[in-house]
Amino acid sequence: MSQLLLPLALVALAWTVALVTRLPERWPHSRWYLAGYPRTALRVMVTWRKVAHLNDLTVSHQPNRRLLGDLAVKGDPLRTHAPRCSIPRPTPNGLSVRVRLHAGQTPAPFLAAAEALVHAWRVHAVRIVSPERGIVLITATASDPLDHPNRTTGEVSASLLSAVVGALETGGAWVMDFRRVPHWLIVGATRSGKSTLIARLITELASQPVALVGVDCKGGMELGLFQQRLSALATCRSQAVAVLGALVVDMQERMRTCRAAGARSIWELPEKERPVPVVVIVDEIAELYLTNGSKEQRAEAEQCSTYLLRLAQLGAALGMHLVVAGQRVGSDLGPGVTALRAQLSGRVCHRVNDPGTAEMTLGDLNKDAVAVAQSIGEAEQGVAVTAGDTGGWMRGRSHLTTPAEAQVTAAENAGLAFRLAGVVRALEDLEAGEGT
């Protein structure tokens, strides 16, 4: 019998080592669920009352004023009660706690105490929201998911005009869905990850039945990698005027088609009659607006501004979508930029060189988001603050797409480069006019 125990023990040891080694590979969050969560949840439960007391999250059922003769004395209550918190619920990379507020409490003190909770619970970050009246939801993240953006959780349905571009700080996938958020503004300084995000977005859309149109007035240096997949690529402002003008004409034709069919959008048309969706990617918006002061350049800039604004205002229901990117977006580019920004409800802000760009991008949505965007460091390439259809904001990090991968994707999906007759004709007319 004893002779069998040693081999059995060795086999059991080998299985244990194999399980510990391979389990994190197949289930990356297994270590957190098995070891990290129990320890952190216990710390939350043990420290909750003390943390609530030290950060003024408690209330007293007795008044803090007393009469001492003819004198009213006000002081701090000695017996306070912490709001009731739920048992921490595990998430793939952290935990969440629901707190029921006492009468008269508001979420504001909890927001101010977020940093104290981070240190008390020894976690990476704490987010606080109020999903319903009288309830505060505290979500703690154990480690930064953006350090490993490829490890996302949850299933993402592959739908038309939807692209998985990276990971969010929740550990879930970062999805840009043009059916839900039709137009996007992406800003970021040089080497902040803006171009990587655009490359990832085009890579995701390349295999879908969608017409992609590029406007890259830096000679096509960025979007030229995808030229085989693009239905058109404008590499200078005069070409941009021709392309955008043709798309506005196409949009008007779509309007007439919908009106004749009694439809309010192209998605209500029969599938056989539905025109192909178009996504226009504008890289470096400033190149369309800045001029040397000449009359000709000012006229082109005004035309580009007008066309982009019309596409943004009317294009969502007609299958025309915009992605506008730039290093800096400010009112100094002209009033047209401010009007255009108001139509771009999807926002992505990488590291920027000036507070004004972060304010221009996120300031009308959330002041806290502006401060977080300005805290992104140079080493955090690809990290950005994004705001879309959730009504709030969140940090995310795009997946890396190399130039070689971009060219391979473009070549593999070159057959989906739909021919937009009006755009092709406008570019041909421009070329013929320049040749005469």
Side-chain angles (χ1 to χ4, degrees), residues 28-29 31-61 77 80-148 151-154 167-174 362 365-373 375 383 385-397:
H29 303 288
R31 185 173 298 170
W32 162 250
Y33 282 114
L34 294 175
Y37 163 70
R39 183 173 60 250
T40 307
L42 180 62
R43 188 178 295 124
V44 170
M45 300 300 292
V46 169
T47 62
W48 172 246
R49 290 184 181 277
K50 184 175 182 179
V51 170
H53 177 74
L54 292 176
N55 291 276
D56 296 326
L57 305 180
T58 59
V59 299
S60 173
H61 297 318
T80 58
H81 301 271
R84 185 188 306 170
C85 73
S86 67
I87 296 175
R89 297 181 59 184
T91 62
N93 190 39
L95 51 81
S96 63
V97 178
R98 286 174 65 90
V99 178
R100 185 172 296 276
L101 302 181
H102 289 295
Q105 282 190 303
T106 67
F110 292 84
L111 292 170
E115 191 66 20
L117 297 177
V118 168
H119 291 280
W121 297 346
R122 302 175 191 176
V123 293
H124 170 72
V126 165
R127 289 287 299 274
I128 297 172
V129 297
S130 179
E132 57 183 283
R133 294 292 183 264
I135 298 293
V136 164
L137 179 64
I138 304 176
T139 304
T141 306
S143 59
D144 193 354
L146 304 188
D147 290 338
H148 305 284
R151 297 180 183 176
T152 56
T153 60
L168 297 174
E169 62 181 348
T170 59
W174 179 5
L362 301 169
L365 301 178
N366 193 295
K367 295 297 181 182
D368 292 337
V370 176
V372 173
S375 68
V383 174
V385 173
T386 178
D389 62 334
T390 61
W393 60 271
M394 197 167 293
R395 290 170 68 244
R397 190 170 204 162

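Predicted model, so just to flag it, every value in this text is computed and none were measured.
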Quick one: does any side-chain atom of [X] pair with a main-chain N or O of [Y] as donor and acceptor, under 3.5 Å?
X: Asn55; Y: Pro109; result: no
X: Gln105; Y: Leu57; result: yes
X: Ser130; Y: Ile135; result: yes
X: Tyr37; Y: Pro88; result: yes

Point-to-point distance, once rounded to the nearest 0.5 Å, from [atom1] of [X] to [atom2] of [Y]:
X: His81; Y: His102; atom1: NE2; atom2: NE2; answer: 7.5 Å
X: Asp56; Y: Thr58; atom1: CG; atom2: OG1; answer: 6.5 Å
X: Thr139; Y: Arg127; atom1: OG1; atom2: CZ; answer: 8.0 Å

Specify the closest pair of heavy atoms between [X] and [Y], including all atoms of both residues, with the distance to one decimal.
X: Ser143; Y: Thr141; result: O-CG2, 2.9 Å
X: Gly396; Y: Trp174; result: C-CZ3, 3.8 Å
X: Val126; Y: Ala114; result: CB-O, 4.0 Å
X: Val99; Y: Cys85; result: CG2-CB, 4.0 Å
X: Pro83; Y: Trp48; result: O-NE1, 2.9 Å
X: Ala369; Y: Val385; result: CB-CG1, 4.0 Å

Should [X] and [Y] count as side-chain neighbours, where that means a heavy-atom distance under 4.5 Å?
X: Arg395; Y: Leu168; answer: no
X: Trp393; Y: Leu362; answer: no
X: Phe110; Y: Leu101; answer: yes
X: Arg98; Y: Glu132; answer: yes

Worked check of side chain to side chain donor-acceptor pair (under 3.5 Å) between Trp121 and Thr47: CA-CA 8 Å; Trp121 297 346; Thr47 62; 3.2 Å; yes

